[in-house]
Protein chains: 2
Amino acid sequence: MKQKITIKTIAKELGVSTSTVSKALKDSHEISIETKEKIQAYANLYNYKPNHLALQLRNQKTKVIGVILPKIVHHFFSTVIKGIEDGANAKGYNIMVCFSNESYKKEVETLKVLSNGSVDGIIVSIASETLENKDFNHFKGLVSEEIPLVLFDRVVDDILCDKVVVDDVGAGYKATKHLLDNGRKKIALITTPKHVNVGTLRRQGYEKALIEEYIKADENIIVEIDEEANIKEQIRKVFIQEIDGVFAVNEIYAAKAMRVAKEKGLKVPQDLSVIGFTDGLISEYSSPSITTIAQHGFTMGKQAVELLIERIEKESETFKPKKIVISSDLKLRESTKPSS
Amino acid sequence: MKQKITIKTIAKELGVSTSTVSKALKDSHEISIETKEKIQAYANLYNYKPNHLALQLRNQKTKVIGVILPKIVHHFFSTVIKGIEDGANAKGYNIMVCFSNESYKKEVETLKVLSNGSVDGIIVSIASETLENKDFNHFKGLVSEEIPLVLFDRVVDDILCDKVVVDDVGAGYKATKHLLDNGRKKIALITTPKHVNVGTLRRQGYEKALIEEYIKADENIIVEIDEEANIKEQIRKVFIQEIDGVFAVNEIYAAKAMRVAKEKGLKVPQDLSVIGFTDGLISEYSSPSITTIAQHGFTMGKQAVELLIERIEKESETFKPKKIVISSDLKLRESTKPSS
DNA sequence: AAAAGTCACGAAAACGGTTTCGTGTTAACA
DNA sequence: TGTTAACACGAAACCGTTTTCGTGACTTTT
């Protein structure tokens with residue numbers, strides 16, 4: 001990189017002190033108009049830009065927010081990033097994005113790098129491996145260092161920090177209720193392993209809705225997908241039973257379930273209603289299009305970053321963790337059209 | 001944030017100088033073993049972490065790479081990010097991600113922020129508005145400041161920097177050829193406005209393939225989509241003509257074209273073959289699934305970042321811009337299954 | 001016993017800015 | 001004419017770290 005022009009260069013070149021240059025560039029009243037004009041003209045001419053690092057060091061703040069996500073090639077998370085970036089930008093912050101790839105080790109490392117002063121605060125959605133391990137000491141360390149931290153979507157209660165979540169239980173309930181209202185009785189649930197708590201919460205909603213209709217949850221039509229293995233194969237198992245509805249906790253599972261249904265000669269939505277989660281492109285463009293629970297990733301990201309910035313900027317106040325719950329909406333599409 | 005422990009704190013507390021502490025923490029031979037042990041123990045106990053900002057200022061490098069993308073909620077770009085992050089991480093860099101939202105103004109601003117010393121180099125895919133304006137002075141400014149810059153996918157030739165692109169002409173050719181090989185003759189092209197040069201290049205490939213078969217490109221079955229207006233409506237126009245193939249320059253257009261075909265009672269792939277671009281989730285999960293040109297976003301991102309880091313780390317050598325061309329593959333799916 | 005070398009550490013500059021607190025000069029005032 | 005205030009600028013400290021170059025106290029060599 002070319003040698004950058006600094007305040008020192010200007011000072012030397014113009015025969016004044018660095019303080020004078022600094023003040024002149026800030027239009028301070030302490031400096032005479034002629035001097036100011038001279039300095040500003042020179043700075044302009046040579047395209048002077050103040051060095052961010054120096055300012056950050058002096059001000060002890062970076063105006064950067066760290067973000068750690070489990071993955072990025074994923075509609076929900078990319079939407080959240082967008083929300084975070086938007087919110088951050090509006091307040092003059094930039095974001096530094098990292099990925100844990102669902103790995104505990106990478107999450108710990110990334111957290112360490114980010115907490116070395118490179119960022120003013122951190123937003124995280126926890127890796128699934130970490131959720132499985134239940135080892136949250138790296139987060140607790142952050143909290144005790146009082147580095148502002150906001151968790152979203154995949155959160156755990158015993159980390160004392162701000163959180164933004166969707167009402168997963170409510171959403172699971174809403175989805176299941178919708179199927180029941182369509183006259184479906186044997187509703188399969190395609191979910192994640194138990195340690196991914198959002199899956200567990202959505203399942204609670206599912207069970208709650210069933211109980212209200214005096215239907216007993218049937219373990220045979222519930223499957224917890226192991227992402228390492230063949231997903232479709234696992235889904236086929238629930239189709240051995242006779243079912244008339246499917247609630248999948250994400251849109252990929254929903255799409256795969258529709259494929260399996262097709263194999264079995266079941267017509268969606270006539271024979272089978274399908275509902276997914278996360279309103280992504282698959283749901284929109286598959287055919288038939290899939291009814292989903294919209295998670296409002298953009299809103300989540302934006303709320304998370306606003307919470308974080310608030311925490312960063314007024315740290316004087318006594319700390320009391322906040323939890324924001326984003327409500328989710330049912331987005332009706334073809335896969336649950338009532339057979340008229 | 002809590003008051004962080006610094007080298008000064010340690011020095012004062014232990015009654016030694018900061019230089020001693022610094023050296024002790026680096027296990028320098030200049031320091032006696034007892035002193036080292038004492039200092040290291042203290043540092044460990046109080047969880048000392050060197051301040052990144054100070055190091056960055058001193059070393060004049062941040063180990064951060066800036067990335068500016070037109071958008072994120074998009075399969076291709078999120079895949080590229082993944083590639084960039086992966087490659088960067090492997091070399092000890094982090095990434096700072098920003099979005100231009102296809103806006104010229106935002107691109108200029110973002111570039112300004114990043115070039116203030118916050119990053120060691122920048123990777124960009126140009127905003128469509130900028131491509132339309134043809135105003136590239138902000139990039140040329142970067143180049144003349146000798147800030148390492150790599151452009152990818154949406155590039156322009158007269159910016160003198162490294163570039164990573166897909167072979168768009170070849171890909172367009174490959175896609176069209178595939179349709180022709182399936183016996184299709186009247187192939188519609190659904191593309192972007194001319195200023196988005198990837199669209200234009202893919203069109204060249206399309207025309208080349210047609211010419212080889214002595215087919216004249218027919219303006220009536222080519223549509224340049226204006227994203228502001230109703231996309232489906234625009235696609236319907238080409239269906240007024242009798243067509244038996246569709247080449248869409250991205251997967252959204254391909255999916256929408258299939259919807260229109262359905263409206264018109266055309267069966268895919270029996271009556272109509274459809275081929276898209278970007279191997280995303282829509283192509284994979286739509287039904288019928290869509291044959292596409294896989295763009296290898298991950299590879300692009302990785303190559304781009306490797307090129308950039310090389311440029312950053314050995315800047316001694318004389319500058320000669322490199323251009324890496326990534327070849328693209330045809331991913332066969334249901335939408336172009338030969339009618340047997 | 002003088003010269004040289006080793007050891008263990010400290011002082012100070014440097015990275016690029018901001019900011020507080022002088023200070024010398026001039027002008028206004030008593 | 002002496003005091004004071006305003007003006008325009010500079011010196012120096014500071015943010016946290018690294019690194020070069022001393023330097024004083026011993027030890028070894030001749």
Side-chain angles (χ1 to χ4, degrees), chain A residues 1-40 42-43 46-64 113 115-120 145 147, chain B residues 1-40 42-43 46-64 113 115-120 145 147:
Chain A
M1 230 184 291
K2 206 190 240 174
Q3 188 54 21
K4 284 245 172 106
I5 181 171
T6 72
I7 264 193
K8 289 192 190 176
T9 330
I10 303 182
K12 198 178 295 171
E13 217 60 36
L14 261 42
V16 294
S17 76
T18 59
S19 4
T20 306
V21 176
S22 173
K23 288 171 192 164
L25 293 174
K26 303 200 107 63
D27 233 357
S28 158
H29 63 274
E30 286 185 44
I31 308 297
S32 71
I33 297 183
E34 310 95 75
T35 314
K36 274 200 275 195
E37 277 175 354
K38 192 175 60 175
I39 292 176
Q40 286 169 3
Y42 189 97
Y46 290 98
N47 191 24
Y48 166 78
K49 296 186 227 164
N51 180 312
H52 262 190
L53 296 178
L55 292 178
Q56 291 174 2
L57 180 57
R58 166 145 252 277
N59 300 330
Q60 297 290 68
K61 60 178 85 159
T62 64
K63 287 275 180 181
V64 175
V113 173
S115 65
N116 276 218
S118 324
V119 299
D120 292 347
E145 284 183 66
I147 293 173
Chain B
M1 228 182 292
K2 209 190 238 175
Q3 187 55 21
K4 284 242 171 109
I5 181 169
T6 74
I7 268 194
K8 287 192 191 177
T9 329
I10 304 183
K12 196 178 296 169
E13 217 58 37
L14 262 43
V16 295
S17 77
T18 60
S19 2
T20 306
V21 176
S22 175
K23 289 170 191 163
L25 293 175
K26 304 199 107 60
D27 234 353
S28 159
H29 63 272
E30 285 184 46
I31 307 298
S32 72
I33 296 182
E34 310 95 74
T35 313
K36 275 200 274 196
E37 278 176 352
K38 190 177 61 175
I39 292 177
Q40 286 168 2
Y42 190 96
Y46 289 100
N47 191 24
Y48 167 78
K49 296 186 227 164
N51 181 313
H52 261 190
L53 294 178
L55 291 179
Q56 291 175 0
L57 180 58
R58 165 146 251 276
N59 301 330
Q60 296 290 76
K61 60 178 86 156
T62 64
K63 288 278 185 176
V64 175
V113 173
S115 66
N116 276 218
S118 325
V119 299
D120 292 346
E145 285 182 66
I147 293 174

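Convention: sequence-line order gives letters A, B, ...; per-chain numbering from 1.
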Item to complete: Measure the NZ-OG distance between A:Lys4 and B:Ser115 for me, rounded to the nearest 0.5 Å.
Response: 6.0 Å
Item to complete: Working to the nearest 0.5 Å, report the span between NZ of B:Lys36 and NZ of B:Lys26.
Response: 12.5 Å
Practice prompt. Would you mind reading off the distance between A:Lys38 atom NZ and D:dA8 atom P, rounded to a whole angstrom?
Written response: 14 Å
Fill in: Note, A:Ile5 side chain near A:Tyr42 side chain (heavy atom, < 4.5 Å)
yes
Discussion item. What is the separation between atom CD1 on A:Ile33 and atom P on D:dA6, rounded to the nearest whole Å?
Written reply: 18 Å
Discussion item. So, does B:Gln60 get its side chain near the phosphate of C:dA14, meaning an N or O under 4.0 Å from OP1 or OP2?
Written reply: no
Practice prompt. Step through the shown structure and confirm whether more than 12 heavy atoms of other residues, nucleotides or ligands are within 6.0 Å of NZ on A:Lys49.
Written response: yes
Worksheet item: Atom NZ in A:Lys23, atom CD1 in A:Ile39: separation rounded to 0.5 Å?
Response: 10.5 Å
Worksheet item: Can you tell me if the side-chain N/O atoms of B:Ser17 get under 4.0 Å from OP1 or OP2 in C:dG10?
Response: yes
Worksheet item: Taking OP1 and OP2 of C:dG17, is either one under 4.0 Å from a side-chain nitrogen or oxygen of A:Ser22?
Response: no
Practice prompt. Specify the separation, in whole Å, of atom NZ of A:Lys12 and atom C1' of D:dG10.
Written response: 16 Å
Worksheet item: When you measure from every atom of DNA chain C, which of residues 49-56 of chain B have a heavy atom less than 4.0 Å away?
Response: none
Using the 3.5 Å cut-off, write out each protein N or O paired with an N or O of nucleotides 20-26 of chain D and the distance between them.
unit_1: D:dT20; atom_1: O4; unit_2: B:Lys23; atom_2: NZ; d: 3.4

Worksheet item: Roughly how many Å is it from CG in A:Asp27 to C1' in D:dC9, rounded to a whole number?
Response: 16 Å
Worksheet item: What's the spacing between B:Glu37 CD and B:Ile31 CD1 if we round to 0.5 Å?
Response: 13.5 Å
Discussion item. Using OP1 and OP2 only, check whether a side-chain N or O of B:Lys8 sits under 4.0 Å from D:dC15.
Written reply: yes
Worksheet item: So do B:Val21 and B:Leu14 actually touch side chain to side chain, heavy atoms under 4.5 Å?
Response: no
Practice prompt. Nearest whole angstrom, please: distance from the P of D:dT17 to the CD1 of B:Ile10.
Written response: 8 Å
Practice prompt. Return the value, rounded to whole Å, for the distance between atom CG of B:Asn59 and atom C1' of D:dT17.
Written response: 9 Å
Worksheet item: Has A:Thr35 got a side-chain N or O lying under 4.0 Å from the OP1 or OP2 atom of D:dC9?
Response: yes
Worksheet item: Are A:Thr9 and A:Thr6 close enough that a side-chain donor and a side-chain acceptor fall under 3.5 Å?
Response: yes
Worksheet item: OP1 or OP2 of C:dC7 sitting under 4.0 Å from any side-chain N/O of B:Ser32?
Response: no
Practice prompt. Please determine if a side-chain N or O atom of A:Thr6 lies less than 4.0 Å away from the OP1 or OP2 oxygen of C:dG16.
Written response: no
Worksheet item: Quick one: A:Leu25 CG to D:dC9 P, roughly how many Å, whole number?
Response: 13 Å
Discussion item. I'd like to check A:Leu53 versus A:Gln56 (side-chain heavy atoms, cut-off strictly below 4.5 Å). Are they in contact?
Written reply: yes
Worksheet, complete the sentence: The reported gap from CD1 in A:Ile7 to CG in A:Leu25 (rounded to nearest 0.5 angstrom) is 5.5 Å
Worksheet item: Are any of the side-chain heavy atoms of B:Thr62 and B:His52 separated by less than 4.5 Å?
Response: no
Worksheet item: CG of B:Asn51 to CG of A:Asn116: how many Å apart, nearest 0.5 Å?
Response: 8.0 Å
Response to the item:
When rounded to whole Å, the CG to C1' distance for the pair A:Leu14 and D:dA8 reads 15 Å
Worksheet item: For the helix from C:dA1-D:dT30 to C:dA30-D:dT1, how many degrees between its two end axes (five pairs per end), to the nearest 10°?
Response: 70°
